[in-house]
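Structure, as structure tokens:
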Amino acid sequence: METIRFILLDIDYVTENGKPVVRLFGNQRGISKGEPIIALDKSFKPYIYVVPENDPESCIKQIYTLDVDEVKRVMKKDVGVEKELLKVVLHHPQDVPKLRDKILALSEVKDIREHDIPFYRRYLMDKGIFPMAEVEVRGKIKAPKSVPSVVTDNEKLCILEIDGKVNEINGKIPDLKVMSFDIEVRNPKGMPSSDRDEIIMISLASNFGLQRVISTKESSFEYVETVEDEKTMIKRFSDIVNLENPDIIVGYSSDNFDLPYINDRAKKLKIPFKISVDGSDLKSLRRGYTSAAVARGRVHVDLYPIMRRHLTLDRYTLERVYEELFGEEKDDIKGDKIWEYWDSGGEKLEKLFEYSLDDAVSAFKVAEKMLPINRELTRIIGQPLSDISRMASGQMVEWFLIRKAYEVNEVIPNKPSQYEYSKRRGLTYVGGYVKDPVKGLHENIVAFDFKSLYPSIIISKNISPDTLITGASNEEYHTAPEVPYKFKKEPKGFIPSVIGDLLEERVKIKNLMIETDDPVEKRILNVQQEALKTLANSMYGVYGYARFRWYSRECADAVTAWGRDYIKNTMKEAEKYGFKAIYADTDGFYATYTGKTKN
DNA sequence: ATGTGGCGGGG
DNA sequence: GTGTACGCCACAT
């Protein structure tokens with residue numbers, strides 16, 4: 001038995017003899033520098049919860065008529081109320097979509113819960129481990145050849161079969177190896193097509209000294225490495241990735257362009273293209289309206305979705321994003337001109353080499369700027385960086401709440417059905433208070449605004465689905481203005497307590513920031529508090545977004561009603577002191593000073 | 001007013 | 001794959 005610590009980078013599962021095997025991918029630090037490890041866990045089983053119609057025992061009997069592993073009676077809280085549920089353990093994650101409808105159709109089954117949680121996400125939550133943090137595993141080292149799911153001949157790869165607990169280790173983690181890449185294609189006919197247009201350059205930049213353009217043409221430019229053909233170029237790229245073993249590889253639009261393009265060209269040229277840790281092919285995972293390129297075991301981050309989330313711009317080209325982040329313009333060669341630069345050779349070709357490297361370097365710089373906050377978000381939300389980097393902020397909030405719910409033994413609400421979603425969408429609801437601006441040029445303006453109005457209201461009025469009073473009650477409560485809703489003062493609701501914890505944690509970190517003199521420490525703490533702020537900011541919408549599991553029409557209405565109440569009262573109060581509001585919106589207003597006090 | 005379709009990034 | 005997750009704009013009806 002060995003005990004190994006490593007930085008958890010990626011997670012998935014494979015099937016061995018019909019049984020699921022969770023694979024934790026990471027890099028060991030310290031003892032053996034930067035060496036890859038795959039830890040296998042065969043002991044984790046998928047499960048869902050069943051709400052029994054009335055008698056749990058007859059429900060259990062019915063469920064056992066289906067091919068399930070085990071059914072257990074468990075206590076869980078559902079919207080704050082203790083309930084007895086049935087935990088139905090299944091043999092395989094894919095049994096969940098296969099059996100859930102059959103289970104739901106049973107006459108003794110009232111409802112099913114937590115039936116759409118991807119297996120690897122379930123694992124991370126139930127084990128209490130976080131990607132981008134260090135974990136400690138204990139188990140047997142295995143010979144790579146004896147593991148069917150791993151087909152690489154990387155001699156440095158360590159494989160361990162977990163036998164016992166997986167522990168989260170709290171502590172700082174060292175800087176990770178980050179490499180960016182970018183390809184250029186010879187495309188005389190407009191947008192490149194992989195069955196026609198060859199790759200002419202692959203550029204790389206990194207934080208470990210590697211900076212290079214691999215190409216089939218020669219150059220006096222020192223960074224250019226010339227290879228004989230496109231096949232060799234692709235092979236060289238994958239060799240470098242596998243040799244250097246970067247923790248994170250980044251590109252710009254690499255999910256839907258660069259990586260699939262290289263992969264398609266490799267297929268056409270009938271050569272392998274393997275940059276994964278386990279020797280598997282590049283996978284394209286469909287994520288709604290787009291795809292993610294996955295090289296198993298490595299973290300591939302496409303910066304494009306990150307920038308879309310992070311900045312509000314008219315366009316999101318690398319040039320535009322770079323300019324916004326660094327305040328300097330970068331040289332650009334128009335896409336439809338690239339083949340001309342390539343064909344004409346000479347000075348133009350040299351310019352193309354420079355441009356290509358510059359794109360990789362720019363992408364790297366963007367990554368350096370954006371990865372810290374995404375790593376922090378990963379550590380707070382507890383899902384893989386590759387997922388976090390592609391998630392909309394609403395999804396982040398949802399997965400954060402899902403983990404929190406698990407921690408306090410709350411059963412997770414189901415996702416709204418298509419019907420429920422469109423029903424919610426159809427409802428119009430009153431938002432913040434807006435006072436149309438008084439026309440004219442005003443002098444002596446004062447601005448007034450509430451700092452995080454909605455979260456403060458959620459916390460102070462304890463607005464949560466589990467504190468909403470639906471029937472008669474003799475408990476102490478807060479009464480919302482305008483809308484007919486009341487919320488218990490005690491106990492603290494699920495959402496208010498989560499938002500409260502977030503804001504409290506942020507204050508703690510901000511205080512630590514003030515205390516420390518170490519600039520590096522300060523910077524790290526600053527990123528942490530920024531991540532908490534980002535998440536807290538996106539939590540305001542939980543009750544009003546139609547797709548949310550924690551959607552609550554009543555809570556959303558109450559939050560905005562209180563918001564309107566606060567701002568209107570504050571405006572009225574200000575008038576007593578001689579201020580006349582000339583414009584107001586949601587959480588603040590502008591006023592002129594008239595000098596006329598009332599009373 | 002409401003519905004439907006296309007598109008973003010990449011070369 | 002415990003699958004199929006956006007939001008805006010143009011244009012048509």
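Since the structure is predicted, the reported quantities are computational estimates derived from the model, not experimental observations. Order of the sequence lines fixes the chain letters, A, B, ..., with proteins taken first and strands second; residue numbering starts at 1 for each chain.
In this structure, A:R287 atom CZ and B:dG8 atom C1' are separated by 17 Å, rounded to whole Å. Distance CG (A:D255) to C1' (B:dG9): 10 Å, rounded to an integer number of Å. The separation between A:Y316 atom OH and B:dG8 atom P is 14 Å, rounded to whole Å.
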Nucleotide N/O to protein N/O under 3.5 Å, stretch nucleotides 5-7 of chain B:
none

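Note that A:R424 lies outside the cation-pi zone of A:Y545, set by a 6.0 Å cut-off to the ring centre and a 45° limit from the axis.
A salt bridge does not link A:D278 to A:R296: none of the charged nitrogens lies less than 4.0 Å from a carboxylate oxygen. Between A:K110 and A:E53 there is no salt bridge, since no side-chain N of the basic residue sits under 4.0 Å from a carboxylate O of the acidic one. A salt bridge does not link A:R100 with A:D95: every distance from a Lys NZ or Arg NE/NH1/NH2 to an Asp or Glu carboxylate oxygen is 4.0 Å or more.
No side-chain donor-acceptor contact under 3.5 Å links A:D182 to the backbone of A:A360.
Backbone-only engagement by A:Y252 is indicated by non-hydrogen atom pairs under 4.0 Å involving sugar-phosphate atoms exclusively. Residue A:I117 is in base contact, counting any heavy-atom pair closer than 4.0 Å across all strands shown. In this structure, A:P97 reaches the sugar-phosphate backbone alone: every heavy-atom distance under 4.0 Å involves primed, P, OP1 or OP2 atoms, never a base. At the heavy-atom level, A:R100 lies under 4.0 Å from the strands shown only through sugar-phosphate atoms. Within the 4.0 angstrom heavy-atom criterion, no nucleotide atom of any strand lies near A:N256.
Listed in residue order, the members of residues 179-193 of chain A having a heavy atom less than 4.0 Å from DNA chain B are A:D182, A:I183, A:E184, A:V185, A:N187, A:G190, A:M191, A:P192.
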- Message: Is there a salt bridge (charged side-chain N to carboxylate O under 4.0 Å, His left out) between A:D197 and A:R265? Walk through the geometry before answering.
- Response: CA-CA 9 Å; A:D197 303 325; A:R265 289 299 295 173; over 6 Å; no
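Residue pairs meeting the ring-ring contact (aromatic ring centres under 6.0 Å, His included) criterion with at least one member in residues 379-424 of chain A: none, sequence neighbours excluded.
Listed pair A:R315 / B:dG9 meets the phosphate criterion, a side-chain N or O lying under 4.0 Å from OP1 or OP2.
With a cutoff of under 4.0 Å to any heavy atom of chain A, the contacted region of DNA chain C is bounded 5' to 3' by C:dG1 to C:dC6.
C:dC8 and B:dG11 are spaced 25 Å apart, taking the C1' atom of each and rounding to whole Å. Spacing between C:dA5 and C:dG1 at atom C1', rounded to whole Å, works out to 15 Å.
More than 12 heavy atoms of other residues, nucleotides or ligands lie within 6.0 Å of NZ in A:K127, so this atom counts as buried by the packing criterion.
The side-chain contact (heavy atoms from CB on, under 4.5 Å) search around A:S291 returns A:N256, A:S284, A:R286, not counting sequence neighbours. Residues forming a salt bridge (charged side-chain N to carboxylate O under 4.0 Å, His left out) with A:D111 (at least two apart in sequence, or on another chain): none.
Checked against the 6.0 Å centroid threshold, A:Y223 and A:F353 do not count as a close aromatic pair.
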